[in-house]
Every structure is written in structure tokens, then in C-alpha cells.
Amino acid sequence: MGHLGGDGAARARRFGFTTTAEGVEGLLALPEFAEIGIVLDATSAEAHRHSAALLQPLGKRPVTSPAAG
């Protein structure tokens, strides 16, 4: 499971953005997934490739940002 206690995730929630620590699979399972227009993927480069492979066929293109380490 991911960690949603970071400053970035907390800031996103304050602005009303949906967040998940369950990876792209968790995102796909969210009831509001169809309404999501932009996916910020703050994970590793390997995870970025995995996320893109799942999201692009659904018309979603992730914006990638390296995870804080």
C-alpha cells in the first residue's frame, strides 16, 4: 500500500482532488474514475510505464512526476 500522508497528497485533497495510494489499479476502481481528466503519477519510472499502459487505452494520459524518495 502507498503512503498518502505526504504534503503533496494532503494539498491535493484540500483542493478537492481525488488521491489514492493503491496505484493505478486503485484509481481504476474508484467510482469517479470516468470523470478524472488528468492523472498525476508520482511514482517510479517503472511504475510510470505500467500506469501508462493501463491508462492510455482508456483515453487517459498520465502526467508523471518522480516519487519523493
Side-chain angles (χ1 to χ4, degrees):
M1 304 257 169
H3 176 63
L4 279 179
D7 292 339
R11 187 174 310 122
R13 287 190 300 276
R14 282 195 305 274
F15 281 103
F17 294 105
T18 300
T19 62
T20 181
E22 303 301 318
V24 72
E25 288 84 359
L27 181 69
L28 294 170
L30 293 173
E32 63 268 33
F33 175 75
E35 300 171 28
I36 294 173
I38 298 172
V39 176
L40 175 59
D41 184 358
T43 58
S44 68
E46 184 175 332
H48 290 325
R49 288 188 289 277
H50 174 73
S51 297
L54 293 175
L55 293 169
Q56 286 177 345
L58 301 172
K60 311 286 185 185
R61 183 172 174 189
V63 175
T64 59
S65 174

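Note that these values count all heavy atoms, side chains included, but never hydrogens, waters or copies made by symmetry.
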K.L.:
Examine the side chains of Asp41 and Ser51 and answer whether a donor and an acceptor come within less than 3.5 Å of each other.
P.N.:
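Judged by distance alone, the side chains do pair up.
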K.L.:
side-chain contact (heavy atoms from CB on, under 4.5 Å) with Glu35: which residues, sequence neighbours excluded?
P.N.:
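Expected list: none.
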K.L.:
Of the non-hydrogen atoms in Ala47 and Thr43, which two are nearest, and what is the gap between them?
P.N.:
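Residues Ala47 and Thr43, closest heavy atoms: CB-OG1, 3.2 Å.
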K.L.:
If every non-hydrogen atom of Pro57 is compared with every non-hydrogen atom of Ala52, which pair is closest and at what distance?
P.N.:
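The answer is CD-O, 4.1 Å.
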K.L.:
Supply the members, apart from Leu40, of the Ile/Leu/Val/Met/Phe/Trp/Tyr cluster built from side-chain contacts under 4.5 Å; use none for a lone residue.
P.N.:
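Ile38, Val63, all in the cluster of Leu40.
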K.L.:
Partners of Glu25 by side chain to side chain donor-acceptor pair (under 3.5 Å), sequence neighbours excluded?
P.N.:
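Side chain to side chain donor-acceptor pair (under 3.5 Å) list for Glu25, sorted by chain: His50.
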K.L.:
List for me each residue that meets side-chain contact (heavy atoms from CB on, under 4.5 Å) alongside Arg11, sequence neighbours excluded, and say none if there are none.
P.N.:
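In terms of side-chain contact (heavy atoms from CB on, under 4.5 Å), with neighbours along the sequence ignored, Arg11 is linked to Asp7, Arg14, Phe15.
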K.L.:
Quick one: name the residues clustered hydrophobically with Leu28, using the 4.5 Å side-chain heavy-atom rule over I, L, V, M, F, W, Y, and just say none if it's on its own.
P.N.:
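Listed partners: Val24, Leu27, Leu30, Phe33, Ile36, Val39, Leu54, Leu55, Leu58.
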